[in-house]
Amino acid sequence: MAKKKFYAVAVGRQCGIFTDWSITEKQVKGFGGAKYKSFSSRAGAEKWLDDPVYSKKASPIGKKTQRKVYPEDESTDIVIYTDGSSLNNPGPGGYGAVIIEAGREKELSGGYRLTTNNRMEMMAAIVALRQFETGTKPIKLYSDSSYLVNGINKGWVKKWQSNGWKKSDGQDVLNIDLWQELIKLTENSNVQFRWVKGHAGNVYNEQCDRLAVDSAKQKSLPVDSGYEARP
């Protein structure tokens, strides 16, 4: 029998202590600056509500904090947030990703001298998923790119591939090189792509956005050969 949990919500749509995660999630998901934590006892939840501060512990993986998003982060799932940016689009571009595993965070980022926003949204996901090419753990990947999320979830990329990388109107599909790599990275793994609204107070989405923009502003960026070398 699963052990009962108590969810303390200090900042959310409705604050207090809940025993059902589905109800708790409605109070905090998508709520900017939400602050909450799970406990094994009501006493522990009540004590934390009196002083809702997250514990700070050292962690050996990359740049990270102990900030937790959802209780699902404490499960076996790997949670990834990604974002991409292109200044002037096309123009100098960057990508950013935050990987959350076992309560620890790892940041990944990079950029190119000339590229597009869509390519950087895709590259952020690719770079993050490359970290788990041989793994089998469930992965939840959050992105504010409808182009990326719908391309996977709605089966667009599979249709394009079966149609010789042509769209329904006969036009060539863009970013074939990146779509092909995404197919390879996801075909034998347990990855769920989830859309998250951008610039809406989600701390990890905003963290990825800063990484992407900062990377796009760097000097002496490498060439995005998949973009500059295409016809």
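Leu178 places none of its side-chain heavy atoms less than 4.5 Å from the side chain of Asn118. You'll find the side chain of Phe193 reaches within 4.5 Å of the side chain of Thr186, heavy atoms only. Contact of the Arg130 side chain with the Leu185 side chain is registered, since non-hydrogen atoms from C-beta on lie closer than 4.5 Å. Using a 4.5 Å cut-off on side-chain heavy atoms (C-beta onward), Val98 and Leu211 make contact. The shortest distance between side-chain heavy atoms of Tyr227 and Pro90 falls below 4.5 Å. When side chains are defined from C-beta on, Arg119 does not count as touching Met122, because their heavy atoms never get closer than 4.5 Å. Proximity of Phe18 to Lys26: side-chain heavy atoms (C-beta onward) are nowhere separated by under 4.5 Å. Contact of the Glu121 side chain with the Asp144 side chain is registered, since non-hydrogen atoms from C-beta on lie closer than 4.5 Å.
Judged purely by distance below 3.5 Å, without hydrogens or angles, the side chains of Glu105 and Tyr204 pair a donor atom with an acceptor atom. Donor-acceptor pairing under 3.5 Å is recorded for the side chains of Ser22 and Asp20.
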field: Verdict with reasoning, Arg104 to Glu101, per side chain to side chain contact (heavy atoms under 4.5 Å, CB included)
entry: CA-CA 5 Å; Arg104 299 172 179 175; Glu101 184 177 13; 5.9 Å; no

task: Under the side chain to side chain contact (heavy atoms under 4.5 Å, CB included) rule, what do Asn205 and Lys197 come out as? Steps first, then yes or no, please.
output: CA-CA 8 Å; Asn205 174 259; Lys197 186 176 182 180; over 6 Å; no

task: Determine, stepwise, if the pair Asp224 / Leu114 fulfils side chain to side chain contact (heavy atoms under 4.5 Å, CB included).
output: CA-CA 7 Å; Asp224 179 357; Leu114 180 63; over 6 Å; no

task: Before giving the answer on side chain to side chain contact (heavy atoms under 4.5 Å, CB included), spell out for Lys158 and Ile183 the whole-Å C-alpha distance, their side-chain angles and the decisive distance to 0.1 Å.
output: CA-CA 9 Å; Lys158 292 292 187 180; Ile183 289 173; 4.0 Å; yes

message: Set out, in order, the CA-CA distance, both residues' side-chain angles and the distance that settles salt bridge (charged side-chain N to carboxylate O under 4.0 Å, His left out) for Arg113 and Glu228, then state yes or no.
response: CA-CA 10 Å; Arg113 71 180 190 184; Glu228 292 198 48; 2.8 Å; yes

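Listed here is the closest heavy atom pair of Ala216 and Pro92: O-CB, 3.4 Å. Taking each heavy atom of Ala125 and Leu182 in turn, the nearest pair found is CB-CD2, 4.4 Å. Closest non-hydrogen pair, Gly151 versus Trp179, comes out as CA-CH2, 3.8 Å. In terms of heavy-atom proximity, Ser215 sits nearest to Gly94 at CB-CA, 4.0 Å. Summarising the geometry of Gly91 relative to Ser86, their closest heavy-atom pair is N-OG, 3.3 Å, with the distance given to 0.1 Å. What you find for Leu108 and Ala128 is that their closest heavy atoms are CD1-CA, 3.9 Å.
The closest donor-acceptor contact from the side chain of Asn89 to the backbone of Asn117 lies under 3.5 Å. For Glu181 (side chain) and Asp177 (main-chain N/O), no donor-acceptor pair under 3.5 Å exists by modelled atom type.
Atom-to-atom distance recorded for Gln192:CD and Ile80:CD1 is 12.0 Å, nearest 0.5 angstrom. How far CG of Leu87 is from CE of Met120: 11.5 Å, rounded to the nearest 0.5 Å. The distance from the CG atom of Asn190 to the NZ atom of Lys140 is 8.5 Å, given to the nearest 0.5 Å. Distance check, rounded to the nearest 0.5 Å: OH of Tyr95 to OG of Ser85 gives 13.5 Å. Taking CD from Glu107 and CD1 from Ile99, the interatomic distance works out to 10.5 Å, rounded to the nearest 0.5 Å. Note that CH2 of Trp160 and CD1 of Ile176 are 10.0 Å apart. Values are rounded to the nearest 0.5 Å.
Placement of Val223 and Val127 in two distinct hydrophobic clusters is found when ILVMFWY residues are connected by side-chain heavy-atom separations under 4.5 Å, directly or transitively. Placement of Val213 and Tyr112 in two distinct hydrophobic clusters is found when ILVMFWY residues are connected by side-chain heavy-atom separations under 4.5 Å, directly or transitively.
Within the 6.0 Å centre-distance limit, the rings of Tyr142 and Tyr81 are counted as a close aromatic pair.
With respect to the salt-bridge test (charged N to carboxylate O, under 4.0 angstrom), the residues Lys137 and Asp77 do not qualify.
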